[in-house]
Peer 1: 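Before anything else, here's the structure in question.
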Protein chains: 2
Amino acid sequence: MNKARHLTVATQQGDYALERQVGFLLREATQRHTAIFARLMPDEVTPTQWAALARLSELGPCSQNLLGRRTAMDAATIKGVVDRLIARGLAQARPDARDQRRRAIALTEAGDAFVGQALARARQITEETLQPLDAAERAQLLRLLAKIK
Amino acid sequence: MNKARHLTVATQQGDYALERQVGFLLREATQRHTAIFARLMPDEVTPTQWAALARLSELGPCSQNLLGRRTAMDAATIKGVVDRLIARGLAQARPDARDQRRRAIALTEAGDAFVGQALARARQITEETLQPLDAAERAQLLRLLAKIK
DNA sequence: CGCCGACTATTTGTATACGAACAAATCGCG
DNA sequence: CGCGATTTGTTCGTATACAAATAGTCGGCG
């Protein structure tokens, strides 16, 4: 009975193979990348936290929500990330004098130093993640991901 | 002073552009896919829950940990997913007579019916996610993601 | 047979993610 | 100027994810 049902379902599923669906492959690729990140990035900084730090370094001080938009995080997510960066002493927040709704976020000196030192690791992480691909494939992958983002 | 520091950091960052890093692009692509999924999949089933349901349908009843391995989830994650599927009445668990460590997971009738009905949606979700790409690009993307997974 | 290593499941803690609801401040348009 | 729409930030609830610690069970090997 289980066998019969199994065959029926398999027939219904037809060409739908989970392991060839883009969503499933995205999740697997992200998992491998996250594992590489955890192994190579010092001080337990996560990929999301690193995105916020790198952007803060590029942008200089900016409002919390703007930082979120520039790092593809919604308001609720960026709040948690920023709060944890502050708790680690890598970022600081102060009220914006011109707009009292805003929370102005900036790197601390320690945060600035950390970014400078972690950039080499970040490049290693990207390199190791893309290691199975040759140069042309790497460029292709980045191009295609950018197209569907 | 901020300006001076900003320029210095930008120089240090050199060719490191966050938006061209594979990890950041993976996160953005996953975000868009997840949003499409939430819009098209009925009954608030999440991508992860769908992975478990589709695999259960393929495999027939199996142990919780095996289901986790086949869906790229660790033991802690698959437990939560299965518990929520059970709470919704889509899956059921019983002890395995042969191996008392195991929790045998199976689809309920409602779960089986759901998979049959949701397959069309799953195909739409993949189609819409890949919509910006032509056929050759789609094949390329899946191939490259499988290589770095 | 008995024991040890491996497997299975659970629990706890931390960190994303996002929708929804909310309050405060600002902006824009009449 | 004033009020409604928008922006900003916070909080709550739900759902992945994974490491680490724990406990029960199984299997094989001496």
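Here is how names work: the chains are called A, B, and so on, in the same order as the sequence lines, proteins then strands, and each is numbered from 1.
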Peer 1: At under 4.0 Å between heavy atoms, what does S63(B) touch on the DNA or RNA strands: base, sugar-phosphate, or nothing?
Peer 2: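 Sugar-phosphate: the residue S63(B), judged by heavy atoms under 4.0 Å, touches backbone atoms but no base.
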Peer 1: How close or far is atom P of dT25(D) from atom CD of Q64(B), stated in whole angstroms?
Peer 2: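 Computing the Q64(B):CD to dT25(D):P distance gives 16 Å.
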Peer 1: Atom CG of L67(B) and atom C1' of dT10(C): how far apart are they, to the nearest Å?
Peer 2: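 Value for this atom pair: 16 Å.
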Peer 1: Below 4.0 angstrom, N of the basic side chain to O of the carboxylate: do D134(B) and R138(B) qualify?
Peer 2: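 Looking at R138(B) together with D134(B), the answer is no, because their closest N to O distance does not fall below 4.0 Å.
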Peer 1: Out of dC18(C), dT12(C), dA17(D), which nucleotide sits closest to the side chain of A76(A)?
Peer 2: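 Among the listed nucleotides, the one closest to the side chain of A76(A) is dC18(C).
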Peer 1: Does a side-chain N-to-carboxylate-O contact under 4.0 Å join E44(A) and R84(A)?
Peer 2: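 Result for this pair is no, no salt bridge flagged.
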Peer 1: In this structure, how many angstroms lie between the P atom of dT16(C) and the CG atom of L26(A), rounded?
Peer 2: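 To the nearest whole Å, that distance equals 20 Å.
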Peer 1: Start at the 5' end of DNA chain D and walk down; is the nucleotide closest to D99(A) or to R88(B) reached first?
Peer 2: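 Nearest nucleotide further toward 5': that of D99(A).
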Peer 1: Both A97(B) and K79(A) contact DNA chain D. Taking the nearest nucleotide for each, which residue is further toward the 5' end?
Peer 2: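 Looking at the nearest nucleotide for each, K79(A) comes out on the 5' side.
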Peer 1: Do the side-chain N or O atoms of Q100(A) get closer than 4.0 angstrom to the phosphate oxygens (OP1, OP2) of dG9(D)?
Peer 2: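 The answer is no; no side-chain N or O of Q100(A) sits under 4.0 Å from OP1 or OP2.
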Peer 1: From CG of N65(A) over to P of dT10(D), roughly how many Å is that when rounded to an integer?
Peer 2: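 Taking CG of N65(A) and P of dT10(D), I get 8 Å after rounding.
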Peer 1: Between dA9(C) atom C1' and I105(B) atom CD1, what is the distance in whole Å?
Peer 2: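 Going from CD1 in I105(B) over to C1' in dA9(C) covers 10 Å.
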Peer 1: Just compare dA17(D), dA17(C), dT26(C) and give me whichever is closest to any side-chain atom of Q31(A).
Peer 2: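 That would be dA17(D).
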Peer 1: Determine whether a donor-acceptor pair (one donor, one acceptor, N or O, separation below 3.5 Å) exists between the side chain of R101(A) and the base of dT7(D).
Peer 2: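 Such a pair exists between side chain and base.
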Peer 1: Got more than 12 heavy atoms from elsewhere within 6.0 Å of CZ, R143(B)?
Peer 2: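 Above 12, so yes.
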Peer 1: Round to a whole Å and report the spacing from CZ of R69(B) to C1' of dC7(C).
Peer 2: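 It is 8 Å, rounded to the nearest whole Å.
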Peer 1: Hey, mind stepping through E127(A) and R121(A) against salt bridge (charged side-chain N to carboxylate O under 4.0 Å, His left out) and telling me if it holds?
Peer 2: CA-CA 10 Å; E127(A) 162 62 27; R121(A) 297 295 192 146; over 6 Å; no
Peer 1: Atom CD of Q49(B) to atom C1' of dA17(D): distance rounded to whole Å?
Peer 2: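 Result: 14 Å.
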Peer 1: On DNA chain C, nearest-nucleotide positions of L66(B) versus A72(A): which is more 5'?
Peer 2: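 Per heavy-atom nearest nucleotide, the more 5' residue is L66(B).
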Peer 1: Quick one: is dA15(D) close enough that its OP1 or OP2 comes under 4.0 Å of any side-chain N or O from T46(B)?
Peer 2: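 False: T46(B) side-chain N/O out of range (4.0 Å or more) of dA15(D) OP1/OP2.
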Peer 1: Once you round it to whole Å, what is the distance between P of dC18(D) and CD of E28(A)?
Peer 2: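 To the nearest whole Å, that distance equals 11 Å.
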Peer 1: Looking at R123(A) and D15(B), does any basic side-chain N land under 4.0 Å from a carboxylate oxygen?
Peer 2: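 Yes, R123(A) and D15(B) are salt-bridged.
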Peer 1: Answer with base, sugar-phosphate or nothing: what part of the nucleic acid does D74(A) contact at a heavy-atom distance below 4.0 Å?
Peer 2: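 Result for D74(A) = base.
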Peer 1: Quick one: do E58(A) and R70(A) make a salt bridge, cutoff under 4.0 Å?
Peer 2: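 A salt bridge is absent here (no side-chain N lies under 4.0 Å from a carboxylate O).
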Peer 1: What's the closest nucleotide to the T77(A) side chain, out of dT16(C), dA15(D), dG19(C)?
Peer 2: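 Of the options given, the side chain of T77(A) lies nearest dT16(C).
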Peer 1: dA25(C), OP1 or OP2 - any side-chain N/O from R98(A) closer than 4.0 Å?
Peer 2: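 For dA25(C), OP1/OP2 do not have a side-chain N/O of R98(A) under 4.0 Å.
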Peer 1: Ignoring backbone atoms, establish whether T48(B) has a side-chain N or O less than 4.0 Å from OP1 or OP2 of dA15(D).
Peer 2: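 Result: no.
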Peer 1: From the set dT8(D), dA9(C), dT25(D), return the single nucleotide nearest to any side-chain atom of R102(A).
Peer 2: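 Per side-chain heavy atoms of R102(A), the pick is dT8(D).
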